[in-house]
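Counting from 1, the numbers follow the sequence of the chain as shown.
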Amino acid sequence: MKKSIILIAVLLVAVIGAFGFSYQYRNQKISEQIAQASTQAKTTVAEESSQAGDNTNGRVLITEDKENDYQIYYNTATEIVSIIHGEYVREFKSWAYSVKCEIPTIFCKDYDGDGENELVIKIVNGKQEKTDVKGKYLYTYALYMFKPRTTSAGEKTFSIINATENTWKAPFNNAIRCEMTQLESCKKILQFAMDDIEEEIEYDEKTGLTTNKYGGYAAAMADVKNNYYTMNQWSKGLGIYDLDPDTGEMTLDIQLIVGYKETSKTQYAGDIHCEVDIKNGRFYVVPKTIVFIPNPNYVVNDPRDTAKSNWSCLINNASTNTNIANNDIDWIETEFSLSNTSSESSQYFENLPSKIKGVDTVKFTQRDVVLTAKSGYKFSQNMLDAGVFSVLINHGEENEVNIAYTCSVKNENGVSTLTINFDKTYDKEDFDKVFIKFGV
């Protein structure tokens with residue numbers, strides 16, 4: 001499926017509602033515990049050298065902010081990383097690995113509201129097990145804020161706060177209740193619910209859908225035949241900080257990992273996404289920015305958004321010439337548009353690609369699509385067994401999504417039908433560009 005950052009933005013606005021902390025947890029749980037984590041980080045950073053010394057031979061500029069006069073150097077001889085702002089200097093002996101992996105991202109602005117610009121750095125602090133599409137390893141990151149200060153002894157250095165892999169754990173675990181479930185009515189759909197820690201997660205007895213403040217959704221893993229696995233465990237994975245090099249906006253994505261009964265493989269289902277900011281000398285999670293973003297490979301529509309009424313749309317094949325070599329329908333790839341169509345219409349399938357030519361009628365309803373083969377033709381059992389089927393709505397658009405759930409073939413009284421059930425009910429307006437795929 002064609003997914004992108006734009007798709008994620010659309011889902012956030014149109015499908016997923018933001019989950020905000022209550023006043024109590026925003027001010028007590030989040031601020032107090034991240035403050036504690038930041039204080040511990042200061043102790044660790046204080047062990048690094050704050051004297052420039054004779055560290056110029058072999059020193060290479062790796063990035064800078066000319067407008068705000070900040071430079072980051074790496075000394076290839078001593079493997080020391082230096083942060084310099086005029087006469088203010090800070091050196092790190094433990095950052096050599098990080099800058100070799102990736103050039104740090106930097107941004108300067110008034111993060112703490114004191115009228116002066118501070119430097120924030122995003123720097124590698126670990127390697128993930130997974131790689132990108134080119135096979136390059138992905139990393140985890142830490143955020144550091146550098147604020148110039150002069151000690152009582154007259155030393156020009158920086159005060160530092162940071163957010164690392166563990167900074168987010170205590171606030172989330174102690175302030176937010178999270179649960180991942182799989183809908184019994186549709187095993188395809190995983191549901192992630194969140195609420196304040198003192199609130200229980202509740203569900204509708206009939207649908208299994210959460211009735212709490214927030215619910216986000218992703219598709220479960222399936223086998224090669226499109227049979228969805230049964231979830232038996234889930235956990236929070238890595239917390240990945242990011243810094244936008246153009247705006248300076250800081251974010252955090254916490255991976256959600258799901259396990260299943262039928263396989264030893266685990267699924268990276270998506271992320272808990274939120275904005276991060278600095279207040280009162282500490283990093284904190286910005287209220288009302290916490291959302292669940294599904295992995296682009298596992299996007300589904302919100303199952304709470306169902307069809308407003310029952311409907312059907314029948315499309316008849318007006319062609320008498322099938323133009324296919326045999327009677328086995330093992331390949332269908334065809335797009336239809338139901339916008340501005342009546343409940344019944346006719347089209348000529350003979351000029352369409354694939355073996356849709358051997359289909360007599362295509363009937364859409366709010367919950368499925370049924371294809372009926374012409375007399376003498378039948379749908380391939382081999383393709384059904386292989387699980388090669390999909391129904392894509394918004395075909396070719398950024399918000400394209402596969403809504404197929406199950407597929408079946410029936411052969412009764414010489415008539416062969418192919419039925420693809422949807423993962424929920426849909427309105428007719430959702431099928432402006434719908435693409436049906438069956439077989440290869």
Side-chain angles (χ1 to χ4, degrees), residues 1 186 188 225-227 301 306-397 400-440:
M1 293 180 289
C186 181
K188 175 182 178 179
K225 296 183 179 181
N226 254 332
N227 297 310
N301 288 318
T306 56
K308 303 178 185 66
S309 61
N310 296 338
W311 60 273
S312 67
C313 183
L314 179 66
I315 303 173
N316 296 294
N317 182 4
S319 301
T320 57
N321 184 11
T322 59
N323 288 328
I324 54 179
N326 56 58
N327 66 349
D328 195 39
I329 303 176
D330 55 4
W331 172 46
I332 292 176
E333 291 186 11
T334 305
E335 181 179 286
F336 294 100
S337 177
L338 306 189
S339 62
N340 302 317
T341 59
S342 59
S343 58
E344 184 172 355
S345 62
S346 296
Q347 297 182 24
Y348 289 92
F349 291 1
E350 62 183 295
N351 296 320
L352 297 178
S354 78
K355 292 186 177 181
I356 191 69
K357 304 172 183 66
V359 172
D360 191 41
T361 63
V362 179
K363 184 178 181 179
F364 289 90
T365 72
Q366 72 278 0
R367 67 180 64 257
D368 59 25
V369 58
V370 179
L371 289 76
T372 302
K374 285 180 172 291
S375 177
Y377 292 86
K378 60 183 178 62
F379 294 98
S380 171
Q381 186 65 42
N382 290 335
M383 292 298 103
L384 176 67
D385 294 340
V388 185
F389 64 90
S390 60
V391 177
L392 307 178
I393 59 173
N394 306 312
H395 182 231
E397 305 294 336
E400 176 185 283
V401 61
N402 180 19
I403 65 172
Y405 178 36
T406 60
C407 184
S408 61
V409 169
K410 288 185 179 181
N411 295 291
E412 296 181 351
N413 301 320
V415 178
S416 182
T417 58
L418 171 72
T419 302
I420 303 178
N421 296 294
F422 306 146
D423 50 25
K424 70 180 187 73
T425 60
Y426 289 84
D427 290 314
K428 184 181 176 182
E429 291 75 20
D430 296 320
F431 294 84
D432 180 32
K433 292 182 179 179
V434 54
F435 186 82
I436 300 174
K437 177 178 174 63
F438 175 72
V440 291

Using 0.5 Å steps for rounding, measure from the [atom1] atom of [X] to the [atom2] atom of [Y].
X      : Y      : atom1 : atom2 : result
Asn351 : Asn321 : CG    : CG    : 9.5 Å
Lys225 : Asp385 : NZ    : CG    : 6.0 Å
Lys308 : Lys428 : NZ    : NZ    : 13.5 Å
Thr406 : Asn227 : OG1   : CG    : 10.0 Å
Lys188 : Asp423 : NZ    : CG    : 4.0 Å
Ile420 : Leu384 : CD1   : CG    : 9.5 Å

What is the minimum heavy-atom distance between [X] and [Y], and which atoms define it?
X      : Y      : result
Gln366 : Phe422 : O-CD1, 3.7 Å
Val409 : Ser416 : CG1-OG, 4.2 Å
Lys357 : Glu350 : CE-O, 3.1 Å
Ser309 : Trp311 : O-CD1, 3.5 Å
Asn394 : Glu400 : O-CB, 3.4 Å
Thr334 : Pro353 : OG1-O, 3.8 Å

Among side-chain atoms of [X] and [Y], is any donor-acceptor pair under 3.5 angstrom?
X      : Y      : result
Ser337 : Asp432 : yes
Thr372 : Asp360 : no
Lys355 : Asn326 : yes

task: Check each of Thr341, Leu338, Thr361, Val369 against Ile315 using the side-chain contact (heavy atoms from CB on, under 4.5 Å) test, and report the only one that passes.
output: Leu338

- request: Among Asn317, Ile332, Leu418, find the one that has a side-chain contact (heavy atoms from CB on, under 4.5 Å) with Val359.
  value: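 Going through Asn317, Ile332, Leu418 one by one, the side-chain contact (heavy atoms from CB on, under 4.5 Å) with Val359 is satisfied by Ile332 alone.
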
Full working for side chain to side chain contact (heavy atoms under 4.5 Å, CB included) between Gln347 and Asn316: CA-CA 6 Å; Gln347 297 182 24; Asn316 296 294; over 6 Å; no

- prompt: Looking at Tyr426, does the NZ or CZ of Lys424 lie under 6.0 angstrom from its six-membered ring centre and within 45 degrees of the ring axis?
  reply: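 Yes, Lys424 lies over the aromatic ring of Tyr426.
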
Residues Lys437 and Glu333 bridged, charged N to O under 4.0 Å: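 Yes, this pair counts.
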
Spell out, as yes or no, whether a donor-acceptor pair under 3.5 Å connects the side chain of [X] to the backbone of [Y].
X      : Y      : answer
Asp430 : Asp427 : yes
Ser380 : Asn382 : yes
Ser319 : Phe349 : yes
Asn402 : Ala404 : yes

- prompt: Is there a side-chain contact between Val434 and Ile403 (heavy atoms, below 4.5 Å)?
  reply: no

- request: State, yes or no, whether a side-chain contact exists between Leu371 and Phe438 at a heavy-atom distance under 4.5 Å.
  value: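 No, their side chains stay 4.5 Å or more apart.
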
- prompt: What about Phe389 and Phe379, are their ring centers closer than 6.0 Å?
  reply: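 No.
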
query: How are the rings of Phe364 and Phe336 set relative to one another: parallel (under 30°), tilted (30 to 60°) or perpendicular (over 60°)?
result: perpendicular

